[in-house]
There are 2 protein chains.
Amino acid sequence: MHGDLVSIDYEGKTPLWRQLADILRAQIESGELPPGRRMPSETTLVQTYQVARGTAAKALDALEREGLVERVQGRGTFVTE
Amino acid sequence: MHGDLVSIDYEGKTPLWRQLADILRAQIESGELPPGRRMPSETTLVQTYQVARGTAAKALDALEREGLVERVQGRGTFVTE
DNA sequence: AAATATTTGTACGTATGTATG
DNA sequence: GCATACATACGTACAAATATT
């Protein structure tokens with residue numbers, strides 16, 4: 001599928017940043033976001049998932065610590081090759 | 001020495017959270033903060049070093065990722081045994 | 001070359017929730 | 001119940017690095 005939007009549960013106990021990280025991780029592992037591809041920008045994630053920028057950044061930071069993406073100031077966040 | 005306060009350079013290029021992490025790391029490695037000891041709370045760090053709480057938290061998070069401390073909600077941040 | 005736009009990085013403040021003492 | 005301490009989440013502003021026009 002394309003553009004399918006797994007939505008976020010703003011009430012549930014799972015932190016928003018973790019839910020978002022889970023969604024993005026799934027997109028990477030499914031190949032929807034292939035190696036080398038630039039991830040949606042923080043601003044885009046804010047608009048798409050209705051979270052604060054800090055929350056989006058925290059999700060991406062988590063993925064970076066997992067080695068799934070690389071963040072580069074001024075360029076973006078890229079799926080690890 | 002005791003209670004010596006290495007101060008922070010608010011102008012310099014090094015991020016405040018990193019400067020603070022460096023200061024605390026030095027205190028751990030010098031034995032001033034021995035294994036098992038509770039670190040100063042975020043609130044204390046805010047008052048001592050004149051930074052925002054988020055900045056103090058970021059410094060402690062960095063030390064946790066380095067394995068130097070362990071953070072426990074409701075209890076505090078402890079030097080790793 | 002220069003100005004503008006985009007994107008991540010840092011830092012602040014505030015509020016509320018969760019866990020522990 | 002109350003106080004303390006970390007966790008999450010919001011919003012705002014500006015800086016730094018890169019890309020585009």
Side-chain angles (χ1 to χ4, degrees), chain A residues 6-25 27-28 33 35-81, chain B residues 6-25 27-28 33 35-81:
Chain A
V6 179
S7 82
I8 286 190
D9 174 13
Y10 300 95
E11 315 298 329
K13 51 180 167 49
T14 306
L16 302 185
W17 66 265
R18 182 179 298 282
Q19 292 185 53
L20 180 51
D22 290 345
I23 290 169
L24 297 173
R25 189 185 310 103
Q27 292 176 357
I28 291 171
L33 292 172
R37 171 71 108 315
R38 212 195 70 188
M39 303 282 294
S41 71
E42 294 176 358
T43 300
T44 299
L45 292 174
V46 164
Q47 295 164 347
T48 303
Y49 295 96
Q50 309 277 284
V51 295
R53 196 194 141 199
T55 302
K58 195 162 181 176
L60 292 171
D61 286 342
L63 295 178
E64 182 172 50
R65 287 194 296 272
E66 294 174 17
L68 284 176
V69 305
E70 295 170 7
R71 314 197 67 200
V72 185
Q73 186 174 359
R75 299 222 297 137
T77 300
F78 300 85
V79 180
T80 302
E81 299 278 5
Chain B
V6 179
S7 82
I8 286 190
D9 175 13
Y10 301 94
E11 314 297 329
K13 50 180 169 50
T14 306
L16 302 185
W17 68 265
R18 182 178 297 282
Q19 292 184 54
L20 180 51
D22 290 344
I23 290 169
L24 297 173
R25 190 185 309 103
Q27 292 177 357
I28 292 171
L33 291 171
R37 170 76 109 288
R38 211 195 72 188
M39 303 283 296
S41 71
E42 294 176 358
T43 300
T44 299
L45 293 174
V46 164
Q47 294 164 347
T48 303
Y49 296 96
Q50 309 278 285
V51 296
R53 198 190 140 200
T55 302
K58 196 163 181 176
L60 292 171
D61 286 342
L63 295 179
E64 182 172 49
R65 286 194 298 273
E66 295 174 15
L68 284 176
V69 305
E70 295 170 8
R71 312 196 68 199
V72 185
Q73 186 174 0
R75 298 222 295 138
T77 300
F78 301 85
V79 180
T80 302
E81 298 279 5

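- Between L63(A) atom CG and dT8(C) atom P the separation is 13 Å, expressed in whole Å.
- Separation of atoms CG (D9(A)) and CD (Q19(A)) is listed at 5.5 Å; rounding is to 0.5 Å.
- In this structure, CD in E42(B) is found 10.5 Å from OG1 in T55(B), a value given to the nearest 0.5 Å.
- Base pairing of dA1(C) is not made with any nucleotide, judged by Watson-Crick or G-U wobble geometry with both donor-acceptor distances under 3.5 Å.
- The distance from atom CZ of R71(B) to atom C1' of dT18(C) is 14 Å, rounded to the nearest whole Å.
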(request) Evaluate the salt bridge (Lys or Arg N to Asp or Glu O under 4.0 Å) criterion for residues K58(A) and D61(A): first the C-alpha distance (whole Å), next the side-chain angles of each, then the deciding distance (0.1 Å), finally the verdict. (result) CA-CA 5 Å; K58(A) 195 162 181 176; D61(A) 286 342; over 6 Å; no

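- We find the CZ-CG distance between F78(A) and L68(A) to be 15.5 Å, quoted to the nearest 0.5 Å.
- First and last contacting nucleotides of DNA chain D toward chain A (any atom under 4.0 angstrom from a heavy atom, 5' to 3' order): dT8(D) to dA19(D).
- Q73(A) contributes no side-chain N or O that forms a donor-acceptor pair with the base of dT7(C) under 3.5 Å.
- If you find the closest nucleotide of DNA chain D to P15(A) and to R53(A), the one lying nearer the 5' end belongs to P15(A).
- Protein atom OH of Y10(B) is 11 Å distant from nucleotide atom P of dA11(C), rounded to whole Å.
- Among R25(B), R38(B), M39(B), the one residue that satisfies the side-chain contact (heavy atoms from CB on, under 4.5 Å) test with L33(B) is M39(B).
- Rounding to whole angstrom units, CG of residue L45(A) and C1' of dT7(C) are separated by 12 Å.
- At whole-Å resolution of the value, CG in D9(B) and C1' in dA11(C) are 15 Å apart.
- Counting non-hydrogen atoms under 4.0 angstrom, R18(A) reaches nothing in the nucleic acid.
- Residues A57(B) and A56(A) both approach DNA chain D. Their nearest nucleotides, taken by heavy-atom distance, put A57(B) toward the 5′ side.
- As rounded to whole Å, 15 Å separates atom C1' of dG13(C) from atom CD of Q50(B).
- Taking side-chain N and O atoms only, S41(A) has no distance below 4.0 Å to OP1 or OP2 of dT6(C).
- Note on T77(A): a side-chain N or O is less than 4.0 Å away from OP1 or OP2 of dT8(C).
- Going from atom CG of L63(B) over to atom CZ of R71(B) covers 9.0 Å, rounded to the nearest 0.5 Å.
- The residue G54(A) sits apart from the nucleic acid: no heavy atom pair falls under 4.0 Å.
- If you take CD of E11(A) and P of dT18(C), they are 12 Å apart, rounded to a whole angstrom.
- Residue R75(B) places no side-chain N or O under 4.0 Å from the OP1 or OP2 atom of dA19(C).
- dT10(C) atom C1' lies 12 Å from atom CD of E42(A), rounded to whole Å.
- Looking at T80(A), its side chain does come within 3.5 Å of a backbone N or O of G67(A) through a donor-acceptor pair.
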